[in-house]
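The structure appears right after this line, and notes come after that.
All values below come from the heavy atoms of this structure, side chains included, with hydrogens, waters and symmetry mates left out. To find a chain, count down the sequence lines: A is the first, B the second, and so on, and within it residues start at 1.
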Number of protein chains: 2
Amino acid sequence: MVETRDSLFRALADPTRRALFERLCEHGEQTVGALTADAGVSQPAVSKHLAILRQAGLVIDRQQGRQAHYSARPAALAPLADWTGRMTRFWQARFDDLDDLLGRMDQ
Amino acid sequence: MVETRDSLFRALADPTRRALFERLCEHGEQTVGALTADAGVSQPAVSKHLAILRQAGLVIDRQQGRQAHYSARPAALAPLADWTGRMTRFWQARFDDLDDLLGRMDQ
DNA sequence: GTCTTCCATAACCATATGGCTATCTATCGG
DNA sequence: CCGATAGATAGCCATATGGTTATGGAAGAC
């Protein structure tokens, strides 16, 4: 679970990888060639990034002949949203405690 | 804007840093010494991580005598939540388009 | 069958990253 | 004033990371 989160955060830490993922979210399924055309890095670099995104569950690939079609799996972002929510809630809870304390002191 | 996002994702990519941030969210303000005691790495390492978190806006520090008190700023997570939401919405939009297309084809 | 094309993998390289110890500065306690 | 403590910084090192070119292997094109 924690390792899932770790691979997620790690995968999204690189701007080139984020750009690939964003493109797939925005424009849907793409071949490696199409992604390479706009990535600004070499085709092997794109392949490596895609492999990392796939390991993190952020993309899936579909082989069709000699082409590999990749698409985004935004559902994989869920743990990230969960974590963010949890952190915010922790913070909020302490804030509420403070409110409570101040309320008691007021009496 | 994009650099903000980049420094955010980068800052959260490291597990030791995430643990520091989580601790601050959960238990509120802490001194460097207190954080070091549970971090599993040396005090200089903690200081470096805190500096990176601070640059990303995730924590703020308050100097009091010779102690530095750090606390979390969960509001800094907002760009992350925004980005996640945007990615999901992109994907959803294409899904809706598909629905729409299928609907038309149905007629 | 032969030549391309598409993508993954291999091998390599430069730099970034995260850790350490040592040290410096500032503050506190005596 | 002097020693001790808190934390930041400096300097160093090993490894991780992201990039490249070269190559391999499978599927189309001819």
Side-chain angles (χ1 to χ4, degrees), chain A residues 2-24 27-73, chain B residues 2-24 27-73:
Chain A
V2 170
E3 25 189 292
T4 300
R5 208 168 29 232
D6 199 53
S7 68
L8 239 188
F9 275 111
R10 261 207 218 306
L12 295 174
D14 181 76
T16 303
R17 260 186 319 258
R18 269 202 314 281
L20 286 170
F21 180 71
E22 287 171 8
R23 184 178 170 82
L24 289 174
H27 300 111
E29 198 180 66
Q30 309 261 327
T31 66
V32 175
L35 291 170
T36 301
D38 287 328
V41 294
S42 67
Q43 172 267 311
V46 171
S47 279
K48 274 208 278 188
H49 283 307
L50 288 172
I52 291 171
L53 288 170
R54 186 177 42 205
Q55 272 194 291
L58 285 162
V59 302
I60 50 174
D61 66 313
R62 178 174 69 84
Q63 296 294 331
Q64 186 184 23
R66 59 182 163 174
Q67 299 190 317
H69 298 259
Y70 282 83
S71 43
R73 272 193 62 238
Chain B
V2 169
E3 25 188 294
T4 299
R5 207 166 31 232
D6 199 54
S7 68
L8 239 188
F9 275 111
R10 262 204 216 305
L12 296 174
D14 182 76
T16 304
R17 261 185 319 258
R18 267 202 315 281
L20 286 171
F21 180 71
E22 287 171 9
R23 184 177 170 81
L24 289 175
H27 300 111
E29 198 180 66
Q30 308 262 327
T31 66
V32 175
L35 291 170
T36 300
D38 286 329
V41 294
S42 67
Q43 173 267 312
V46 170
S47 279
K48 271 209 280 189
H49 283 308
L50 288 172
I52 291 171
L53 289 171
R54 186 177 42 205
Q55 271 193 292
L58 286 163
V59 303
I60 49 174
D61 66 313
R62 176 175 70 83
Q63 295 295 331
Q64 186 184 21
R66 57 182 164 174
Q67 299 191 317
H69 298 259
Y70 283 82
S71 43
R73 272 193 62 237

Task: Point-to-point distance, once rounded to the nearest 0.5 Å, from CD of Q67(B) to CG of D61(B) - done: 13.0 Å

Task: Atom-to-atom span, CG of D6(A) to P of dT17(C) - whole angstrom - done: 16 Å

TODO: Compare the minimum distances between each of dG18(C), dA22(C), dT20(D) and the side chain of P44(A), then state the nucleotide with the smallest one.
DONE: dT20(D)

Task: Q30(B) CD to dA6(D) P, straight-line distance once rounded to whole Å - done: 15 Å

Open item on the list: Which heavy atom of R17(B) sits nearest to which heavy atom of L53(B), and what is that distance?
Closed with: O-CD1, 3.9 Å

Open item on the list: Looking at dT17(C), I'd like to know if its phosphate oxygens (OP1 or OP2) sit under 4.0 Å from a side-chain N or O belonging to H49(B).
Closed with: no

Task: Closest to the K48(B) side chain, choosing from dC6(C), dG19(C), dG7(D) - done: dG19(C)

Open item on the list: Measure CZ/F9(A) against P/dT17(D) and give the value in whole Å, please.
Closed with: 16 Å

Open item on the list: Whole angstroms only, please: what is the CG-P distance between L53(A) and dG18(D)?
Closed with: 11 Å

- [ ] Measure the distance from CD1 on I52(B) to C1' on dG18(C) and round it to the nearest whole Å.
- [x] 8 Å

- [ ] Could you check T16(A) against R66(A) and say which one's nearest nucleotide on DNA chain D is further toward the 5' end?
- [x] T16(A)

Open item on the list: Measure CG/D14(A) against P/dG18(D) and give the value in whole Å, please.
Closed with: 5 Å

Task: CG on L12(B) to CZ on F21(B), rounded to 0.5 Å - done: 7.0 Å

Task: Residue-phosphate contact under 4.0 Å: Y70(A) side-chain N/O, dA8(C) OP1/OP2 - done: yes

TODO: Find the distance between NE2 (H69(A)) and CD (E29(A)) and round it off to the nearest 0.5 Å.
DONE: 6.0 Å

Task: Listed nucleotide nearest any side-chain atom of S47(B), set dG18(C), dT20(D), dT9(D) - done: dT9(D)

Task: Gap separating the CG atom of D6(B) from the CZ atom of R18(A), nearest 0.5 angstrom - done: 4.5 Å

- [ ] Considering just the side-chain nitrogens and oxygens of S42(B), establish if one lies under 4.0 Å of OP1 or OP2 belonging to dG19(C).
- [x] no

TODO: Using whole Å, report how far CD of Q63(A) lies from P of dA26(D).
DONE: 13 Å

Task: Sugar-phosphate only, base, or nothing, as touched by Q43(B) at under 4.0 Å among non-hydrogen atoms - done: base

- [ ] Quickly work out the L50(A) CG to dG19(D) P distance and round it to whole Å.
- [x] 12 Å

Open item on the list: Given dA10(D), dG18(C), dA11(C), identify the nucleotide with an atom nearest to the side chain of R17(B).
Closed with: dG18(C)

Open item on the list: Just to be sure I understand the rule, does T36(A) reach a base, reach only the sugar-phosphate, or reach nothing, if contact means heavy atoms closer than 4.0 Å?
Closed with: nothing

Task: Whichever of D61(A) and R10(A) has its nearest DNA chain C nucleotide further upstream toward 5' - done: D61(A)

Open item on the list: For a quick check of understanding: with a heavy-atom distance under 4.0 Å over all strands, which category does A45(A) fall into, base, sugar-phosphate or nothing?
Closed with: base

